[in-house]
Amino acid sequence: MPELPDVEIFTRYFNKTSLSQTITSVEVFRTRILRCSSFKALRERLDGSRFVSAERYGKYLFARIGKDGYLVFHFGMTGSLCYFRGKEIPRSTRFMIDFVHDARLAFVDPRVFGKVDFTESVQDYVKEKRLGPDAMNVGLATFKSIIQASGRPIKAELMDQKRIAGIGNIYSDEILFQSGVAPTDRSNKLDDGQLADIYRNMKKVLKAAIAKHADPDALPKKYYLLPHRGKEEECPRGCGHIKRIKVSGRTAYYCPACQK
DNA sequence: TTTCATGTTCAGCA
DNA sequence: GTGCTGAACATGAA
C-alpha cells in the first residue's frame with residue numbers, strides 16, 4: 001500500500017486518534033524495524049510525553065513529540081497503523097505505543113520492511129535521506145527541471161524518491177496512463193506539453209486516491225487504470241489490452257495503444 | 001509448490 | 001558520476 005496517498009491517510013488517522021494522550025510505554029516486537037541506534041534513548045524521549053501533531057513528507061510520517069523531535073514512520077511494503085483499546089494486539093504488530101486509558105497505537109507490518117526512526121528536525125531528515133520535493137507540493141517549474149535532467153525511463157524517474165518524493169510503482173502507472181505517456185519513454189525526450197500533463201495528472205491522481213482513502217480499486221473503473229491493474233484486461237478506453245512489462249526492475253502495467 | 005508483491009539499499013558492472 | 005540489473009530483506013496471497 002504505502003505510497004503518498006496511503007501515508008496521507010495514515011497521517012490523518014494518526015492526527016485523529018493519537019494526539020494529546022500521555023505515553024505510558026513503548027514496545028518493540030521486532031528490532032529490525034528500528035532504524036535509530038538506541039531504543040533506550042527513543043523510549044526515554046517518548047515515555048511520559050505526548051504527540052502534538054503529525055505531518056507527511058513523501059512516504060514518511062513525522063509525529064511530533066511534545067516540543068522535542070519526531071518519531072518517524074516509514075511503511076515499507078505492508079506497513080499500517082492501528083489504534084485500539086484493550087489487550088488484543090493486532091497480528092504482525094512490530095512496534096507499539098501505549099497511552100493512558102488503555103489506548104494503544106500499533107505499527108503493523110507483516111513483511112517487516114517498514115522502519116521506525118527518530119529525528120530532531122523534518123528538514124534535516126529530508127536532507128539526510130536526500131529526498132526530492134514532495135509530489136503534492138512541488139511546483140511545475142521545479143518538476144520540469146528535475147525530470148528533464150535525466151535520461152532514464154520516466155517511470156523510474158517518477159518513482160525515485162531522490163527526485164520526487166511520494167510516488168511508487170502503483171501510482172506511477174496511473175499517472176502515466178492518465179497522461180498518455182509510455183513508462184519507458186526517456187525523461188529528457190518528453191516535450192513541455194507532456195511534462196505539464198504528467199505534472200497535472202500527478203496531482204490529480206494523488207488527490208483522487210486520497211479522496212478514495214488510498215484504495216486503488218475504488219477509483220472509477222471507466223477512467224482509471226488501477227482497478228484493472230494486475231489483470232491483463234481491456235484498457236478502460238477500449239483501445240486494446242493492458243500490457244505488463246518490467247521497467248527498471250519493477251512491474252509496470254500500461255496500454256500500448258493509448259500510451260504511445 | 002512456486003511465483004509474485006505497493007519499498008529501499010547495496011554490490012557489481014558497463 | 002550515470003544508470004542498469006539483480007539480490008537481499010520477510011511474509012503472505014494466489
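Note on naming: letters A, B, ... go to the chains in the order of the sequence lines (proteins, then strands), and numbering restarts at 1 for each one.
- Contacts of A:Gly114 with the nucleic acid, taken as non-hydrogen atoms under 4.0 Å apart, are absent.
- For A:Arg30, a side-chain nitrogen or oxygen approaches OP1 or OP2 of C:dT11 to under 4.0 Å.
- Once the 5.5 Å centre distance and the 30° plane angle are applied, the aromatic ring of A:Phe113 is found stacked with the base of B:dG7.
- Between C:dA7 and B:dT3, the two P atoms lie 13 Å apart (nearest whole Å).
- At the phosphate of C:dT2, neither OP1 nor OP2 sits under 4.0 Å from any side-chain N or O atom of A:Arg186.
- Contacts of A:Lys115 with the nucleic acid, taken as non-hydrogen atoms under 4.0 Å apart, are absent.
- A:Thr251 comes within 4.0 angstrom of the backbone, heavy atoms only, and of no base.
- Atom-to-atom, CD of A:Gln161 to P of B:dG7 comes out at 8 Å; the value is rounded to the nearest Å.
- For A:His74, taking side-chain heavy atoms from C-beta onward, the closest of the listed nucleotides B:dT6, C:dA10, B:dT8 is B:dT8.
- No contact: A:Pro5 has no heavy atom under 4.0 Å from any strand.
- In this structure, of C:dT11, C:dC4, B:dT6, it is C:dT11 that holds the atom nearest to the side chain of A:Val112.
- Whole-Å rounding puts the A:Leu34 CG to C:dC9 C1' distance at 16 Å.
- One atom, NZ of A:Lys162, and another, P of C:dT2, lie 12 Å apart when rounded to the nearest Å.
- Among the heavy atoms of the strands lying under 4.0 Å from A:Arg111 is at least one base atom, whether or not backbone atoms are also near.
- Nucleotide B:dA11: paired with C:dT5 (Watson-Crick or G-U wobble, both distances less than 3.5 Å).
- Distances from the side chain of A:Arg152 to the nucleotides B:dT6, C:dC4, B:dA5 place C:dC4 closest.
- Per the geometry, CG belonging to A:Leu4 stands 17 Å off C1' belonging to B:dT8, to the nearest Å.
- For the pair A:Arg237 and A:Phe177, the distance from NZ or CZ to the six-membered ring centre is under 6.0 Å and the angle to the ring normal is within 45 degrees.
- Using the six-membered ring where Trp is involved, A:Phe99 and A:Tyr83 have ring planes that are tilted, between 30° and 60° apart.
- At a cut-off of 3.5 Å, with distance as the only test, a side-chain donor of A:Asp109 or A:Thr78 sits close to an acceptor on the other residue.
- Between A:Phe62 and A:Tyr125, the ring center distance clears the sub-6.0 Å criterion.
- A:Arg163 comes within 4.0 angstrom of the backbone, heavy atoms only, and of no base.
- Taking the C1' atoms as reference points, B:dT6 lies 22 Å from C:dC4, given to the whole Å.
- The side chain of A:Arg91 places no N or O atom within less than 4.0 Å of a non-bridging phosphate oxygen (OP1 or OP2) of C:dT11.
- Using cut-offs of 30° and 60° on the angle between ring planes, the pair A:Phe75 and A:Phe107 is tilted.
- Taking 4.0 angstrom as the limit, A:Arg32 places none of its side-chain polar atoms (N or O) nearer than this to OP1 or OP2 of C:dC9.
- Within the 4.0 Å cut-off from OP1 or OP2 of B:dT6, not a single side-chain nitrogen or oxygen of A:Lys59 is found.
- With A:Lys144 as reference, A:Asp192 is the one residue of A:Asp191, A:Asp192, A:Asp197 to meet the salt bridge (charged side-chain N to carboxylate O under 4.0 Å, His left out) rule.
- Distance A:Tyr253 OH to B:dT6 P: 8 Å, rounded to the nearest Å.
- Using cut-offs of 30° and 60° on the angle between ring planes, the pair A:Phe73 and A:Phe95 is perpendicular.
- Between A:Arg250 and C:dG6 there is no side-chain N or O to OP1 or OP2 distance below 4.0 Å.
- Here the C1' atom of nucleotide C:dG1 and the CZ atom of A:Arg130 are 11 Å apart, to the nearest Å.
- Nucleotide C:dT5 holds its P atom 11 Å from the CE atom of A:Met159, rounded to whole Å.
- Separating the CD1 atom of A:Ile175 from the P atom of B:dT6 is a distance of 15 Å, rounded to the nearest angstrom.
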